[in-house]
Amino acid sequence: MADLKIVVAGAGGRMGAANIRAVSALAGVALHGAVDRAGAEAIGKDAGSFAGIEPLGIAITDDMQAALAGADAVIDFTIPTASVELARQTSARGMIHIIGTTGCSPDQDRAFAEAANAGGRIVKSGNFSMGVTLLANLVRKAATALSAYDIEILEMHHNKKVDAPSGTALLLGEAAAKGRNIALADHSVRVRDGHTGAREPGSIGFATLRGGTVVGEHSVIFAGPSERIELVHRAEDRAIFANGATRAALWARDQKAGLYGMDEVLGLTD
Ligand SMILES: NC(=O)C1=CN([C@@H]2O[C@H](COP(=O)(O)OP(=O)(O)OC[C@H]3O[C@@H](n4cnc5c(N)ncnc54)[C@H](OP(=O)(O)O)[C@@H]3O)[C@@H](O)[C@H]2O)C=CC1
Ligand SMILES: O=C(O)C1=N[C@H](C(=O)O)C[C@H](O)C1
């Protein structure tokens with residue numbers, strides 16, 4: 001089978017560079033194009049050199065239409081508005097679209113579902129690592145088993161991160177809510193400040209730390225009478241997300257149009 005031809009969107013970013021390295025290194029895929037926003041520093045630079053590997057002969061462009069021509073898939077770790085616009089374009093072409101962008105609003109999430117209904121093969125996840133996808137599964141089971149324990153989710157990321165709570169924290173919160181058979185939106189406490197009163201039983205709390213160069217750390221704490229259980233994931237290299245995103249693109253090749261998650265890619269649904 002021919003290599004899957006992949007365009008990396010957000011090529012000038014932290015994840016863009018990791019995605020270029022992953023697509024260049026892994027079997028079964030080939031870098032077809034690299035895109036960033038008009039005016040970005042990366043425009044015109046060689047994608048490989050920019051990502052810290054050998055020159056690949058592919059210049060980072062701001063011309064999305066030209067980059068998409070002849071491509072099979074897009075790996076997109078950008079910003080919500082750009083991912084929504086790109087989903088309209090990839091669905092119109094029946095392309096594979098891997099979306100790692102976090103901080104999307106409910107309306108933006110609806111736009112992804114509409115793009116999948118219109119023919120897009122979309123895999124979207126707040127975290128493409130194997131470890132976090134497995135962790136979410138464990139969190140769901142623990143939330144069911146420890147039904148009376150308080151659940152708190154703590155995350156820390158680097159000082160350049162722009163959204164909070166992280167996409168991963170929300171993904172883990174959704175997994176916990178699923179385990180409790182409740183809607184996260186009705187039970188989450190995302191900020192505490194001042195005289196908050198006692199903790200609302202059954203709520204799922206979030207706490208956010210930002211600093212330095214932390215790639216991503218998440219703890220899900222189950223606090224009960226006289227004991228705590230903590231499930232923790234520490235990301236040490238962005239390659240774990242990029243490898244997962246590339247794996248998702250290869251998996252989507254055999255799927256029909258739809259909106260999928262990383263648990264489906266890894267066969268962890270039950
Ligand atoms: N799901 C997962 O596994 C992971 C998700 N993420 C998420 O991925 C996203 C990107 O993270 P990160 O790489 O650290 O952020 P960066 O800011 O380093 O990268 C984002 C890139 O997207 C570019 N960009 C902005 N608008 C457009 C556009 N219209 N078209 C193309 N490119 C555009 C930015 O350009 P410029 O800076 O010039 O504006 C930048 O180069 C975030 O939402 C983050 O939370 C991160 C890691 C893992
Ligand atoms: O912005 C980041 O860096 C990360 N974002 C994702 C998130 O919001 O959870 C995934 C990872 O933790 C790194």
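Because the structure is a prediction, the values reported are computed rather than measured. Counting convention: from 1, in listed order, for ligands and their atoms alike.
- Between the side chain of N127 and the backbone N or O of L171 there is no donor-acceptor pair closer than 3.5 Å.
- By the rule that hydrophobic residues join a cluster once side-chain heavy atoms approach within less than 4.5 Å of another member, I122 and I96 end up as members of separate clusters.
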Pair F128, T246 - check side-chain contact (heavy atoms from CB on, under 4.5 Å), show working.
CA-CA 9 Å; F128 276 93; T246 304; over 6 Å; no
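- Atom 6 (C) of ligand 2 has as its closest protein heavy atom G126 O, 3.7 Å.
- Ligand 2 has no N or O atom lying under 3.5 Å from any N or O atom of R238, backbone or side chain.
- Here's the thing with G167: one of its N/O atoms is less than 3.5 angstrom from an N/O atom of ligand 2.
- The protein heavy atom nearest to atom 1 (O) of ligand 2 is K161 NZ, 2.9 Å.
- The nearest protein atom to atom 12 (O) of ligand 2, hydrogens excluded, is given as H157 NE2, 2.6 Å; this is a heavy-atom distance.
- Within the structure, side chain to side chain donor-acceptor pair (under 3.5 Å) pairs that include any residue of residues 42-68 comprise D46-S49, Q65-Q89, Q65-R93 (at least two apart or interchain).
- What sits closest to atom 9 (O) of ligand 2 on the protein, heavy atoms only, is T168 OG1, 2.5 Å.
- For ligand 2, the atoms sitting less than 4.0 Å from at least one non-hydrogen atom of H218 are 12 (O), numbered in the order shown with element in parentheses.
- S105 and D107 form no side-chain donor-acceptor contact under 3.5 Å, judged by distance and modelled atom types alone.
- The contact shell of ligand 1, taken as protein residues with any non-hydrogen atom closer than 4.0 angstrom, comprises G10, G12, G13, R14, M15, D36, R37, A40, F77, T78, I79, A82, G100, T101, T102, S125, G126, N127, F128, K161, D163, F241.
- Taking a 6.0 Å sphere around CZ of R234, one finds it holds 12 or fewer heavy atoms contributed by other residues, nucleotides or ligands.
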Only pairs under 3.5 Å count here: list side-chain donor-acceptor contacts from residues 17-39, not counting sequence neighbours, and write none if there are none.
from	atom 1	to	atom 2	distance (Å)
N19	ND2	M15	O	3.0
R21	NH1	A51	O	2.8
S24	OG	I20	O	2.7
H32	NE2	A69	O	2.8
D36	OD2	A11	N	3.4
D36	OD2	G12	N	2.7

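- Crowding of K178 atom NZ: a count of heavy atoms from other residues, nucleotides or ligands under 6.0 Å not exceeding 12.
- Contact record, A87 with F112: CB-CD2, 3.9 Å, taken as the closest heavy-atom pair.
- Using a non-hydrogen distance threshold of 4.0 Å, H158 registers as a contact of ligand 2.
- Inspection of the S166 and H218 side chains reveals an N or O donor paired with an N or O acceptor under 3.5 Å.
- Within the listing of ligand 2, atoms 7 (C), 8 (O) sit less than 4.0 angstrom from a heavy atom of T102.
- At least one heavy atom of V215 sits closer than 4.0 Å to an atom of ligand 2.
- If you number the atoms of ligand 2 from 1 as listed, the ones under 4.0 Å from a heavy atom of S166 come out as 7 (C), 8 (O), 9 (O).
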Would you mind writing out the side-chain donor-acceptor pairs for residues 259-267 within the sub-3.5 Å range, not counting sequence neighbours?
from	atom 1	to	atom 2	distance (Å)
Y260	OH	K256	O	2.7
E264	OE1	G261	N	2.8

